[in-house]
Amino acid sequence: MNRIRLLSEQVANQIAAGEVVERPASVVKELVENSLDAGAQRLTVEIQAGGRSLIRVTDDGQGMSRDDALLCLERHATSKIRLAEDLSAIATMGFRGEALPSIASVSRFVLTTRERDGDTAEGTQIIINGGKILEVKAAGGATGTSVEVRSLFFNLPARRKFLRSEETEFAHIQHYLTLAALAYPQVAFSLVKDGRLIWQLAAVSSNPDPASQLAALLERIRAVEGGDQKLLPVDFSVELAEPALIEDADQPSSILHPPSSSSTFRVWGFMGAPGVSRSTREDQHLFVNRRPVENRGLNFALLEGYHTALMKGRFPVCCLFLEIDPAAVDVNIHPAKREVKFHQESQVRRLTAQAIRETLLRFHAGAARKEILASAVPQHPPPEPVEPSPSLPFTHTPAAPALSTPTARAASQTIASWPARTPVELIPPLHPPATEPSHTQPATRNTSPTPSPATSAAAVPLLKVPLRLVGVIGRLYVVLESDRGLVLLDQHAAHERILFEQMLNRLEQQGAAFSQKLLLPETVELSVRDAHFLREQLPMLTRLGVGLSEFGERTFLLDALPPFVKVSDARRFVLELVDELKAAGQEVNSLRLGEHTIAKTVCRHAVKANDPLTGPELENLVEDLRHCAMPYTCPHGRPTLIEMNYRELEKKFGRSQ
Ligand code: ADP
Ligand code: MG
């Protein structure tokens, strides 16, 4: 008996819908992508009951002719690719030709469209019910396309049952729209929820100039996400001289698409300054060729790039765009096109991490792109120029790249120093705070959107402005004053950062960090697995000053430590090293990261700097911190300095709204 039969078109579409249309947000995603692919400048999304009863996406894109409108509802009908090889270099959001027929097969669907450059002024309307065309008629209306999806999954009760609450479904929709809005600042977006306009994002004009793109993106970020987190502009690009290697030699695309001899890899956008992070990846937005993506490799690249600027268990806040030769990415690996695969995954990862790291270093070195931040917030008065003032103990350090070599350091030592004669406790306040901030804050500020204090603070990094010591509180926090307001320094965090960088610098220059023999070596017994793991790390540990040697099957002898380290429980210390290294090893297998991990762990055991430090010692601490490459966080990502500017103080004291 023959059992196999071909499925009807309608059933096939419903099966495809199972993959593509998971929930109302997937419908919104497909429709919005189509509108963006059609060159829309303005997009309106209307939602009722979390998308269960209505999803309508209206655009002013190029529209479709009557024939195209009918054809686009057929399975595998697309205007975006023609041949199999086109799949290897996709430049549009869509390409599968599956979305519209799938959505139409599981809803009551109305497509209304009018061609922008068509011969007739007439548009077309097609009404479909659960995949069956009910009516095709002429329609008036503006050029562009509107797709209305009602009663989603009405003919798939099982699917409908799985929909979550209206609020949850709406949250998914809004999340996707946030991503689309971030990727297309030049497109205006409106979102209407149950008849109420809840989002209206004006189009942000920009030109192809990178600075203009960044400014437009920042404006859009502030518009969709609000908030005033301190963000750093990222703009990193490299020419990849190596042709985009196609690793899978069986792929015909490698023959059909001879890789171009060079291509540009670019990472641009914004990322949180040190200290800005979240406990989830929620504010981590990554795009590859403007497509929002999820990619584990990129997640790790971010963590690797931030490394010591991020606290454990925290995630970066960012909105980053990767631009890469489309032939070097595969977007056809996920039915909803959420994931991508890079042909040269490790290279992309490495370069992305480098982009992050260089941005952080630039920020720490004071060369942050203040022009962009300033131009993106035009209404804001520029921060007061900070002149080196003779009355200030610290003079302005020129915005030179971070000095890390001892010779460079010695040379710079003359630039800034804390006059030893200044009695620490007795310096009168430099500026009466009540009058000083008032002239930096013009009266117009209430009428113009004021940017965050953090944004303006990012313009001139804290350690580039003169700082004056006021005192120490709680034997830990050093109170300093700058022209901008109050600064608190965590003595221990600062100390850790300094030691961390000194250790790594010495390692780099001399091949080994300082080490001191212990008077009483200690033995440490580990489990078989940990012992095996540790054995492999011994040479690296030794280079970093941690003298560990094998002392039996599972026993090790700890007989040396960096001079500033004190360990009360040797076993716990060694286990901590093992755990940290294991955690780092899973994520990135680079030797440098291993070294950094060791240094970071070791510095946690730096003798706590809670003893009262004298003026000159504090002086040195701040000075040493100024010479760090990444002074604003300790190696574990905690801040070393906290600034509260006069505006924030004024706010707290109720002197301003
Ligand atoms: P895909 O986007 O993968 O090509 P879809 O099923 O989403 O497949 O759409 C099929 C085709 O319909 C598209 O290739 C496009 O030509 C056309 N189309 C869909 N939506 C729009 C729209 N909003 N404006 C203009 N053309 C559209
Ligand atoms: Mg599509």
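These numbers come from the heavy atoms of this one structure, side chains and all, not from hydrogens, waters or symmetry mates. All values reported here derive from a predicted model rather than from experimental measurement.
With sequence neighbours left out, the side-chain hydrogen bond (donor to acceptor under 3.5 Å, both in side chains) criterion links K337 to E30, E33. Judged as a ring pair (Phe, Tyr, Trp, His ring centres under 6.0 Å), and not counting sequence neighbours, the contacts of F321 are W268, F287. Not a single ring pair (Phe, Tyr, Trp, His ring centres under 6.0 Å) links F189 to another residue, sequence neighbours left out. In terms of the ring pair (Phe, Tyr, Trp, His ring centres under 6.0 Å) criterion, F265 has no residue partners (sequence neighbours excluded). Residues that satisfy the side-chain hydrogen bond (donor to acceptor under 3.5 Å, both in side chains) test with E294, not counting sequence neighbours, are absent from this structure. Residues meeting the salt bridge (charged side-chain N to carboxylate O under 4.0 Å, His left out) test with R291, sequence neighbours left out: none. Evaluation of the side-chain hydrogen bond (donor to acceptor under 3.5 Å, both in side chains) rule for D579 yields no partner, not counting sequence neighbours. Residues meeting the side-chain hydrogen bond (donor to acceptor under 3.5 Å, both in side chains) test with T352, sequence neighbours left out: none. Take R220 and apply the salt bridge (charged side-chain N to carboxylate O under 4.0 Å, His left out) test, not counting sequence neighbours, and it matches no residue. Take E576 and apply the salt bridge (charged side-chain N to carboxylate O under 4.0 Å, His left out) test, not counting sequence neighbours, and it matches R604.
By the 6.0 Å contact criterion, CZ on F514 is open, its count of non-hydrogen atoms from other residues, nucleotides or ligands being 12 or less. In E617, the CD atom is crowded: over 12 heavy atoms of neighbouring residues, nucleotides or ligands sit closer than 6.0 Å.
Atoms NE2 and CD1, from H285 and I221 in turn, are 8.0 Å apart once rounded to the nearest 0.5 Å. Rounding to the nearest 0.5 Å places CG of N289 at 9.0 Å from CE of M93. Going from atom CE of M630 over to atom CG of L361 covers 4.0 Å, rounded to the nearest 0.5 Å. Distance check: H334 NE2 to K341 NZ gives 15.0 Å after rounding to the nearest 0.5 Å.
Pairs engaging residues 269-280 under the salt bridge (charged side-chain N to carboxylate O under 4.0 Å, His left out) rule: R278-E282, R278-D283 [sequence neighbours left out]. Listed by first then second residue, pairs satisfying salt bridge (charged side-chain N to carboxylate O under 4.0 Å, His left out) with a partner in residues 265-275 read D235-R266, R266-E323, not counting sequence neighbours.
Of the options P316, S277, C319, a side chain to side chain contact (heavy atoms under 4.5 Å, CB included) to Q284 is made by P316 and by none of the others. With L298 as reference, L286 is the one residue of V340, L303, L286, L320 to meet the side chain to side chain contact (heavy atoms under 4.5 Å, CB included) rule.
A salt bridge links R626 with E623: the distance from a Lys NZ or Arg NE/NH1/NH2 to an Asp or Glu carboxylate oxygen falls below 4.0 Å. Ion pairing between E580 and K600 fails under the 4.0 Å rule for side-chain N and carboxylate O.
The aromatic rings of H364 and Y632 lie parallel to each other, their planes meeting at an angle below 30°, with 60° marking the opposite boundary.
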